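To start, the structure itself, in structure tokens.
Counting starts at 1 for both ligands and their atoms, in listed order. Nothing here was measured: the structure is a model prediction, and the numbers come from that model.
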Amino acid sequence: MGFISDSINRIQPSPTIAISSKARQLKAAGRDIISLSAGEPDFDTPENIKEAAIRAIEAGKSKYTDVDGIPELKAAIVTKFARDNGLDYKTTQVSVGTGGKQVIYNALMTTLNPGDEVVLAAPCWVSYADIVLLADAKPVFAETRPEDGYKLRPEVLEKAITPKTKWFIFNSPSNPTGAAYSKEHIKTITDVLVRHKQVWVLSDDIYEHLIFDGFSFATPAAVEPRLFERTLTMNGLSKAYCMTGWRIGYAAGPEPLIKAMRKLQSQSTSNPCSITQWAAVEALNGPQDFIAQNNAMFVDRRDLVVSMLNQSNGLQCPQPSGAFYVYPSCAGAIGKKSASGIMIANDEDFATALLEEEGVAVVHGAAFAGSPAFRVSYATSKEHLEEACRRIQRFCANLS
Ligand code: GLU
């Protein structure tokens, strides 16, 4: 189809979004579906944040704003980085967009030239590689292993870097594995990056607050100050503040990059929703105690899911310390046949047959460049999780 551009033909629709909407459609059509596919908390947005949005509507905050954020939100973001991460940014180094995805998109599209390379620690979030491809650059996957809890080893990163590497994208806690990197582990990674001066770091910290078991969060620009000048530290409100549909993401980094990102945004979406920006000011400046309460529920759910998945034939599920995902390997199921006779040749077949036969939606590992495995989002009730895991156990028991 010559009419559609080569760059669009290079990419895929987001599989996490595709599978989540397929699950929604099947449910609406009357099927008994449990969706463990969406990367979004099931909790409602806290009341104080909703009230701030209502106040903004009533006060008529409905006009265009500065392209990359109102001054009040930029100030709240600067305070957040200082308070939570020990990072010292100026408001001129902050960019706010319509979701973390837009911020990442802006950063990559404003910096990548054809042939440039971007190193990703695989398995990784579905959209990194496709945005890189859209820019006619090349994603390079540095593989992690289940036995390392899916954490990148510095020697693997070292091997993946070439003179053409422009960015390394770092994501802790990780989507899809939940892997959370300690300060000490990050230091082994930043030691490699310090030596390769052409490489910039995009740290996707969106799961920062979703950490368990006393884990202490760290981010590369704070761990290694020598990288501060070539790091974009990105974050957002979707996950910890239960605001996925509101669409706010932000980042801070060197001014020339922030300026280029603003230029691109001024020619695409302009400012993020004015009402959402006021809600975001309240989210960042207001009480934070609900996060720990939500985390206590997430830990409970994680423990249930990890234990039930590890009791399923052919599955092996590491227990991560962050995000709301687990990433079981389904290597033991490959090459088998499902109850209804579907041949499981790869993890996509596994996920398809599981949805078909048991009505459980998960995202196949190939979507994250990490096979054979699948991602389970446990951001749903314990009742649902228990029933879904029972169905997964039955599905696995029936493989022959
Ligand atoms: N980040 C979430 C996920 O991985 C939301 C969907 C998306 O943008 O990929 O499921």
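The shortest N or O to N or O distance between Y207 and ligand 1 is not below 3.5 Å. Of the polar atoms of S127, none of the N or O atoms is found under 3.5 Å from an N or O of ligand 1, judged by distance alone. Checked against a 3.5 angstrom limit, the closest N/O atoms of G39 and ligand 1 fall inside it.
In summary, the atoms of ligand 1 found under 4.0 Å from a heavy atom of K101, numbered by their order in the structure, are 7 (C), 8 (O). The atoms of ligand 1 that sit less than 4.0 Å from any heavy atom of N175 are 1 (N), 3 (C), 4 (O). Under a 4.0 Å criterion applied to the non-hydrogen atoms of R375, ligand 1 contributes the atoms 3 (C), 4 (O), 10 (O). Annotation for ligand 1: atoms under 4.0 Å from non-hydrogen atoms of K239 are 1 (N), 2 (C), 5 (C).
Of the protein's non-hydrogen atoms, the one nearest atom 6 (C) of ligand 1 is T16 OG1, 3.5 Å.
E40 does not count as a contact of ligand 1, since none of its heavy atoms falls under 4.0 Å from the ligand.
Under the 4.5 Å side-chain heavy-atom criterion for grouping Ile, Leu, Val, Met, Phe, Trp and Tyr, L133 is connected to L120 within one hydrophobic cluster.
With salt bridges taken as basic N to acidic carboxylate O contacts below 4.0 Å, none links K159 and E143. A salt bridge is defined here as a Lys NZ or Arg NE, NH1 or NH2 lying under 4.0 Å from an Asp or Glu carboxylate O, and K151 with D148 fails to meet this definition.
Two rings, from Y128 and Y105, have their centers 6.0 Å or more apart. Here F217 and Y207 keep their ring centres 6.0 angstrom or further from each other.
Across T233, T219, N235, N171, a single residue satisfies side chain to side chain donor-acceptor pair (under 3.5 Å) together with D205, and that is T219.
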| message | For N85 and E208: C-alpha separation, side-chain torsions, deciding distance, then whether side chain to side chain donor-acceptor pair (under 3.5 Å) applies. | response | CA-CA 10 Å; N85 310 113; E208 166 178 20; 2.9 Å; yes
